[in-house]
Amino acid sequence: MHFVGVDLAWGERRPTGLAVLDDEGHLLHVSAAATDDAIVEALAPYVEDDCLVAIDAPLIVTNAIGNRPAEAALNKDFARFDAGAHPSNTGKPEFREQPRGARIAARLGLDMNPRSGRARRAIEVYPHPATVALFRLGRTLKYKNKPGRDLEQLRSELIVLLGLLEGLASADPPLLVSGHPADRRAVRTWPALRSTVEKAGRKSELRVVEDQVDAVICAYVALFATRQQKRTTTYGDFETGYIVTPTLPDDLVPTPRGPRIAPEIRDPGGSAVREYAEMQPDLRRAADQFVQLVTSILDDAGINYLSVTGRAKSVASFAAKAARTVDGRPSFTDPLKEITDQIGVRVITYVHSDVQAVADLLDDQVVVHDDRDMGRETASEGRFGYASRHLLVGLDAARENQPAYELLRGRQAQVQIRTVLQHAWAEFEHDIRYKGTIPDEHVPDFDRRFTLAAGLLELADREFSTIRDRLRTDMTGPSPEPQDDDPRISPRELAAFLAGQYADAGWSRTDHYAWISGLLLELGITSLAELGDTLRQVDAESLTQRMDYRYPPGAVRRLDDALLWVYGDTYVELRGNADRAPALRVRLAKMGGGAG
């Protein structure tokens, strides 16, 4: 099924924005057209089968003067947010006969009844109230060209809107403006629109993008109205005209006009959200860099983990959080400073002991501003439930001065550390509750079942830890010789050997055993016997003292340091170490030059 958006111009001299989403919310098509023929031609491939076309223009107008009943009802809710509808009546030339929107719908063969169950339909929508409801805006964004608005204001407001739409990637239903990965043309479309806005030198250039962005909003309203019928309102009716829009949240209030009574309190629906949207491109890049930083720290320490991922909080999510109230008062007086999860990093480990290992490692390598063990807090209340370690981290003094981390200076990231079982529980529980699919009468029963599942997973986590510890203890015997012609020590053999060599060390990632096996080959070490002879040259006690490990290094890291101790500069200069030679030299200096 296709969801089509049409930001219809009043006449054929001005461009009409067109947008199409697929059934999963991927943006398939964005363009501008002028004439009715051009509009019909562009949309024809997408409306042959099941479709819902959302048109930003009156489809049904029967009243001779004033507002239609739909406009009057919508204005009662949305006018205070600057999102009221203009009056439509047959006294205006464009509505005396068939409105242009109805004409387009007829040419496409679409049923315009909003209550119709037919597979190919059209509905009337209005982007302004939709954005207020979807993004909890205190007032509409002022990206439309009107007297008194200069280019920079229009650009700024349109960039905010772009950020809000990009943030719907994590909404229900999602809007994926990046397009479908298999469609190269669609993937390039949105970045091109954003680039046009950022580089625009005239208002007319913004106007072309504005029409197409409005069309994307219309298409999303069509998708939203289909998937979230309980959160959708239809003002008016088929007989006198109607407007379909996401429902206005009951607790949303308009941004006050004029000077604020309390200047120190930021307007959660206005300036803070706008500023955050402008920060979004930098925040996304910073999130990627924080992921790289955490990954490199874990890899350097040889700690085992399943995955490291990250994200910058979407503009829509930030706006919703900034708008929270407690007893009628804002939860945040300065959202930009007080909302600390703007950048989030998630580390998933295999067993619970690795959660503590990761936390200890980050405490040693970066600045930890806050540390909350959510599982311990839940347990202190005598119950099972959400379990995750939350660290608020920033750069340490040494990295603050490095150009490579310039984008991270002064920024913080919330790092969530969970086992894979804790992650599965949290994701499932959040998904169920977020979508609101639990009937009220079943909430107590579901709460009990989620609690029971959390307790069972805690037991499973303990058993996994016991299994791993026992395996690590038993993996000290001889391993079978490899059956192929690869001269390297196999990763499996190496893991078993290191489990006996460093009994107190945690397991490392599987790919790390393969990686260091390649370094051993460069050193000419192709058997466990040769490796054992090499490690006997290491003064393990002196090495441990000099390295002063403040975290439990993994087995591969222990071997890495031992090889550096024995071979010194020769090890640093191996081809496989080319990308980390500076870091190895720092460690070698800390060792006092190694064995030599």
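Not measured: the values here are computed from a predicted model.
A salt bridge between Asp37 and Arg107 is present, with a side-chain N of the basic residue lying under 4.0 Å from a carboxylate O of the acidic one. Under a 4.0 Å N-O distance rule, the pair Glu157/Arg149 does not qualify as a salt bridge.
Inspection of the Thr62 and Glu239 side chains reveals no N or O donor paired with an N or O acceptor under 3.5 Å. Between Asp214 and Tyr143, the side chains place a donor N or O and an acceptor N or O closer than 3.5 Å (distance only, hydrogens not considered). Thr140 and Lys142 share a donor-acceptor pair across their side chains, judged by distance under 3.5 Å alone. Judged by distance alone, the side chains of Thr333 and Glu338 do bring a donor and an acceptor atom under 3.5 Å apart.
For Glu210, the salt bridge (charged side-chain N to carboxylate O under 4.0 Å, His left out) partners are Lys144, Arg207, not counting sequence neighbours. Applying the salt bridge (charged side-chain N to carboxylate O under 4.0 Å, His left out) rule to Asp288 yields no partners; only residues at least two apart in sequence or on another chain are considered. Listed by chain and number, the residues in a salt bridge (charged side-chain N to carboxylate O under 4.0 Å, His left out) with Asp50 amount to none (sequence neighbours excluded). Scored by the salt bridge (charged side-chain N to carboxylate O under 4.0 Å, His left out) test, Arg118 finds Asp111 as partners (sequence neighbours excluded).
Here ring-ring contact (aromatic ring centres under 6.0 Å, His included) pairs that include residues 36-67, with residues two or more places apart or in two chains, are His2-Tyr46, His29-Tyr46. Contacts classified as side chain to side chain donor-acceptor pair (under 3.5 Å) and involving residues 120-131 (residues at least two apart or in different chains) are given here: Arg68-Glu124.
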